[in-house]
Every structure is written in C-alpha cells, then in structure tokens.
Colleague: 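Would you mind keeping the following structure in view while I ask a few things?
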Amino acid sequence: MIVAAQIRAGRGLLKWTQRVLASRAAVSVVTLNMIESEQVQPRNRTLEAIRRVLEGEGIRFIGDAEDGYGVILRPAGAKLGAGP
C-alpha cells in the first residue's frame, strides 16, 4: 500500500495540485488533504483509486517499511516491466 509521503511526492513530480488529483481519483479535496497530512487512515479502495491515477500518469511507487518509501516518474511511453 502507498503512504501519504508517496502521494505528495507523486503529485509533486506531476506538478499537480490536490484539486487535480482529487478530481481524477474521484475523492474530495478535503479527503485528499487529510490523507496527505496523515489525519485519517484512508480506506484501501481510496488509496487504490489514487494509486491507479498516479500510476496511469507514469508514477511508480517503490520501497517498503524497512528500506523506506519513494516514487519514480517513468519517462513518457515507458511500460511497466520493460527493460532497457
């Protein structure tokens, strides 16, 4: 599952406002703000909707609780799992 910092970082790489991501993920701006500021424990389906939107725009979520979390912006046209 993704974490709040990854959502903020993904949005930052895309240069999206909370309003843009909220609209595309079909969640309210207030909900997205509360998720990003870790004020609520979001539902899995809400996180999945956010994840799908960001991944659809080239964001790749990396890491885990042990090593840390991050995001990568794939180049336009790159496919998941495609090698060099």
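No hydrogens, no waters, no symmetry mates; every other heavy atom, side chains included, goes into these values.
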Colleague: Would you please name every residue forming a side chain to side chain donor-acceptor pair (under 3.5 Å) with Gln6, sequence neighbours left out?
Modeller: none
Colleague: Please identify each residue that fulfils salt bridge (Lys or Arg N to Asp or Glu O under 4.0 Å) with Arg43, with sequence neighbours left out.
Modeller: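 If we apply the salt bridge (Lys or Arg N to Asp or Glu O under 4.0 Å) test to Arg43, skipping adjacent residues, there are no hits.
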Colleague: Please go through Ile62's hydrophobic cluster and name the other residues, only I, L, V, M, F, W, Y counting, with side-chain heavy atoms under 4.5 Å joining them.
Modeller: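 Besides Ile62, the cluster holds Ile72.
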Colleague: Name all residues meeting the side-chain contact (heavy atoms from CB on, under 4.5 Å) criterion together with Arg19; count only those two or more places apart in sequence or in a different chain, and write none if there are none.
Modeller: Thr17, Val29
Colleague: Mind checking what makes side-chain contact (heavy atoms from CB on, under 4.5 Å) contact with Asp67, not counting sequence neighbours?
Modeller: Asp64
Colleague: Can you list, by chain and residue number, the hydrophobic cluster partners of Val40 when the side-chain cut-off is 4.5 Å?
Modeller: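 ILVMFWY cluster around Val40 also holds Met1, Ile2, Ile7, Leu13, Leu14, Trp16, Val20, Leu21, Val27, Val30, Leu32, Met34, Ile35, Leu47, Ile50, Val53, Leu54, Ile59, Phe61, Val71, Leu73.
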Colleague: Using the side-chain hydrogen bond (donor to acceptor under 3.5 Å, both in side chains) rule, collect all pairs that involve residues 28-40, keeping only residues at least two apart or in two chains.
Modeller: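 Applying side-chain hydrogen bond (donor to acceptor under 3.5 Å, both in side chains) to every pair that reaches into residues 28-40, excluding sequence neighbours, yields Arg11-Glu36, Gln18-Asn33, Gln18-Glu36, Ser28-Thr31, Ser37-Gln39.
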Colleague: Could you name each residue pair satisfying salt bridge (charged side-chain N to carboxylate O under 4.0 Å, His left out) that touches residues 21-31, not counting sequence neighbours?
Modeller: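 Listed by first then second residue: Arg24-Glu57.
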Colleague: Ala25 and Ala49: which non-hydrogen atoms are nearest, and at how many Å?
Modeller: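 Looking at all heavy atoms of both residues, the closest pair is O-CB, 3.8 Å.
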